[in-house]
Student: 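This is the structure I have questions about; it appears just below.
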Amino acid sequence: MDSIRIRGGKPLNGKIEISGAKNAALPLMVACLLTDETVTLSNLPHVADISTLINLLCQHGVQAHLNGQSNGNGNCNGRAISLTATSITSTEAPYDIVRKMRAGALVLGPLLAREGKAKVSLPGGCAIGTRPMNLHLDGLEAMGAKIDIDGGYMVAEAPNGLKGAEIRFETVSVGATEDLLMAACLAEGTTVLENAAKEPEITDLVRLLTAMGAKIEGEGTDRLVIEGQPTLQGADYKVMPDRIETGTYAIAAAIAGGRIELTNTDASLISSVLEILTAAGVSVEETEDGLIVSRDPASPIKGVDVMTQPYPGYPTDMQAQIMALMTVSKGASMITETIFENRFMHVPELTRLGANINVHGHSALVRGADQLVGAQVMATDLRASVSLVLAGLAASGETVINRVYHLDRGYERLEEKLAACGADILRIQGE
Ligand code: UD1
């Protein structure tokens with residue numbers, strides 16, 4: 001397994017082009033199951049989760065074509081993919097693929113809506129909590145499906161098709177909102193989703209579905225009204241910029257000091273993160289196609305309290321990164337996680353670098369350390385892994401992050417992007 005070696009303490013200066021959003025691209029790709037025409041997506045990120053989903057879709061009978069658009073230096077940034085599900089040859093999503101990535105379970109609603117049946121493995125993904133599927137299942141049952149759990153699979157049937165229903169989510173769930181939104185587009189009648197997630201990735205999905213002929217009201221709100229259609233058509237769509245990648249590199253500039261311009265993105269997608277960075281003493285300037293984040297390495301980072309919330313609140317996917325920043329603040333910070341129950345797995349690893357963190361239930365009290373010191377650490381999940389990279393940029397000496405395959409699930413050419421700004425970072429190929 002590959003590892004990443006960082007020699008920290010160097011300020012970062014330069015430009016980073018932000019990739020398309022993984023968490024938007026995944027449901028957009030799944031939406032191809034709703035039509036027999038071609039859905040073409042551009043600005044596709046080149047990360048492992050996308051390849052995993054291509055494999056899954058292909059084994060359902062989807063024809064996938066990747067049009068490698070070189071960005072001039074041989075990399076695959078900005079690739080486009082065409083997906084055509086002329087017919088669905090299998091309605092089963094096997095354990096071997098879905099266990100690698102929770103988003104694989106999103107095929108449940110679309111397969112059921114189009115084919116009247118689906119057998120989908122219970123999902124895997126990052127081990128950050130129990131991550132149940134009850135909201136997906138309850139919603140599809142309210143739409144007339146009959147679902148059993150058998151041998152680790154969700155086995156669903158709706159022989160007479162799905163019917164529109166009024167569904168109120170007890171918890172805000174990105175995945176359940178996406179799953180039911182897609183299913184409702186082909187259901188008979190009107191579906192109302194109340195307390196729906198409002199994440200920008202949902203808005204991206206609403207826009208693609210609308211381009212495919214779906215009738216959806218309430219874009220960007222927590223109440224979506226979907227009038228089901230007998231069929232949908234193909235469409236061309238550009239994946240939105242990755243707001244989590246944007247925020248992660250903004251924190252890289254903050255923790256290492258220096259000045260990084262982030263392009264091909266939109267500062268308004270991460271307003272909640274930028275508010276915290278500004279309060280911490282980091283300078284943020286919006287530009288036409290992104291933002292510039294800078295900090296004089298001599299000026300201190302202030303401790304700021306952070307609580308994760310559904311959008312537009314502070315994203316849980318940026319919690320580990322802000323914790324890394326707070327470990328080197330001049331002060332203290334209380335970081336509270338409200339979305340997942342087990343999302344502090346980076347804490348013991350950050351502690352190995354000299355961080356001072358005490359966890360009490362859902363909150364972590366971080367007292368700024370004078371200096372982090374490089375060590376060997378282990379990547380545990382996607383965002384935890386990147387928090388260790390960020391801490392390594394600030395630590396003195398050498399930090400080696402082992403088991404970085406989680407990083408490759410969600411960050412495109414991370415070490416190249418950071419090295420281009422002056423970081424001393426190197427991937428060491430594993431056996
Ligand atoms: C998505 C993102 C993930 C992000 C998360 C929250 C993708 C591919 N992943 O994950 O990066 O961290 O949103 O912003 O887009 N829940 C239930 N029952 C369900 C479904 C969810 O109780 O049926 C709970 C979860 O355990 C969690 C909360 O709802 O506590 C939010 O989870 P959810 O928004 O569904 O996360 P994902 O869609 O899996």
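Indexing begins at 1, ligand by ligand and atom by atom, following the structure's order. Just so we're clear, the structure is a prediction, and the values are computed from it rather than from any experiment.
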Student: Examine ligand 1 and decide if any of its atoms is less than 4.0 Å from a heavy atom belonging to Ala197.
Tutor: no
Student: Considering non-hydrogen atoms only, spot the tightest contact between Cys32 and Arg114 and give its length.
Tutor: O-NH1, 4.3 Å
Student: Can you spot which of Thr327, Val347, Val328, Val359 makes a side-chain contact (heavy atoms from CB on, under 4.5 Å) with Val366?
Tutor: Thr327
Student: Over all heavy atoms of both residues, which pair between Leu108 and Ala156 is shortest? Give the atoms and the distance, please.
Tutor: CD1-CB, 4.1 Å
Student: One residue to check: Met101. Relative to ligand 1, which of side chain, backbone, both or neither has a non-hydrogen atom less than 4.0 Å away?
Tutor: neither
Student: Could you check whether Lys198 makes a cation-pi contact with Tyr311, meaning its NZ or CZ is under 6.0 Å from the centre of the six-membered ring and within 45° of the ring axis?
Tutor: no
Student: Mind checking whether Leu135 contacts ligand 1 via backbone (N, CA, C, O), side chain (CB onward), both or neither, at a 4.0 Å heavy-atom cut-off?
Tutor: both
Student: Taking all non-hydrogen atoms of both residues, which atom of Gly392 and which atom of Thr399 are closest, and how far apart?
Tutor: CA-OG1, 3.8 Å
Student: Short N/O distance, under 3.5 Å, between Glu341 and ligand 1?
Tutor: no
Student: Of the non-hydrogen atoms in Leu209 and Leu232, which two are nearest, and what is the gap between them?
Tutor: CD2-CD1, 4.5 Å
Student: Which of the atoms of ligand 1 are close to His136, meaning less than 4.0 Å from one of its heavy atoms?
Tutor: 23 (O)
Student: What do you reckon, does Leu26 have a nitrogen or oxygen under 3.5 Å from a nitrogen or oxygen of ligand 1?
Tutor: no
Student: Polar contacts were defined as any N/O atom of the residue lying under 3.5 Å from an N/O atom of the ligand; does this apply to Thr171 and ligand 1?
Tutor: no
Student: Report the C-alpha separation of Lys163 and Glu188 in whole Å, then their side-chain angles, then the decisive distance to 0.1 Å, and conclude whether the salt bridge (charged side-chain N to carboxylate O under 4.0 Å, His left out) test is met.
Tutor: CA-CA 5 Å; Lys163 310 273 183 279; Glu188 190 189 321; 3.8 Å; yes
Student: Asn134 versus ligand 1: do any nitrogen or oxygen atoms come within less than 3.5 Å of each other?
Tutor: yes
Student: Kindly identify the option in Pro310, Pro132, Gly139, Gly175 whose heavy atom sits closest to atom 38 (O) of ligand 1.
Tutor: Gly175
Student: Kindly indicate, with the supporting measurements, whether the criterion side-chain hydrogen bond (donor to acceptor under 3.5 Å, both in side chains) is fulfilled by Ser90 and Lys119.
Tutor: CA-CA 9 Å; Ser90 161; Lys119 182 177 173 190; over 6 Å; no
Student: Could you check which of Tyr311, Phe340, Phe169 puts a non-hydrogen atom nearest to atom 25 (C) of ligand 1?
Tutor: Phe340
Student: For Met318, is the nearest heavy atom under 4.0 Å from an atom of ligand 1?
Tutor: no
Student: Counting both backbone and side chain atoms, is some N or O of Ser173 under 3.5 Å from an N or O of ligand 1?
Tutor: yes
Student: Indicate whether the side chain of Arg343 and that of Thr316 have a donor and an acceptor atom separated by less than 3.5 Å.
Tutor: yes
Student: Using distance alone, decide if ligand 1 has a nitrogen or oxygen within less than 3.5 Å of any nitrogen or oxygen in Ile339.
Tutor: yes
Student: Please indicate whether any nitrogen or oxygen in Ala176 is less than 3.5 Å from any nitrogen or oxygen in ligand 1.
Tutor: no
Student: Out of all atoms in ligand 1, which are within 4.0 Å of some heavy atom of Arg102? Include the element for each.
Tutor: 20 (C), 39 (O)
Student: Just by distance, with hydrogens left out, do Thr38 and Ser82 show a side-chain donor and acceptor under 3.5 Å apart?
Tutor: no
Student: Tell me which part of Glu178 gets within contact of ligand 1: side chain, backbone, both or neither, using heavy atoms under 4.0 Å.
Tutor: neither
Student: May I ask you to decide whether Glu412 forms a salt bridge with Lys22, counting only side-chain N to carboxylate O separations under 4.0 Å?
Tutor: no
Student: List every atom of ligand 1 that sits less than 4.0 Å from any heavy atom of Thr316, numbering the atoms from 1 in the order shown and giving each element.
Tutor: 6 (C), 12 (O), 14 (O)
Student: Heavy atom under 4.0 Å from ligand 1: found in Met133's side chain, backbone, both, or neither?
Tutor: backbone
Student: If you compare all heavy atoms of Ala142 against all heavy atoms of Ile167, which two are closest, and at what distance to 0.1 Å?
Tutor: CB-CG1, 4.1 Å
Student: For ligand 1, indicate whether the residue Asp317 contacts it via side chain, backbone, both or neither (heavy-atom separation under 4.0 Å).
Tutor: side chain
Student: Identify, by atom number and element, the atoms of ligand 1 in contact range of Arg343, meaning under 4.0 Å from any of its heavy atoms.
Tutor: 12 (O)
Student: Does either side chain, that of Asp204 or that of Tyr237, offer a donor lying less than 3.5 Å from an acceptor on the other one?
Tutor: yes
Student: Could a heavy atom of Val172 be found less than 4.0 Å from some atom of ligand 1?
Tutor: yes
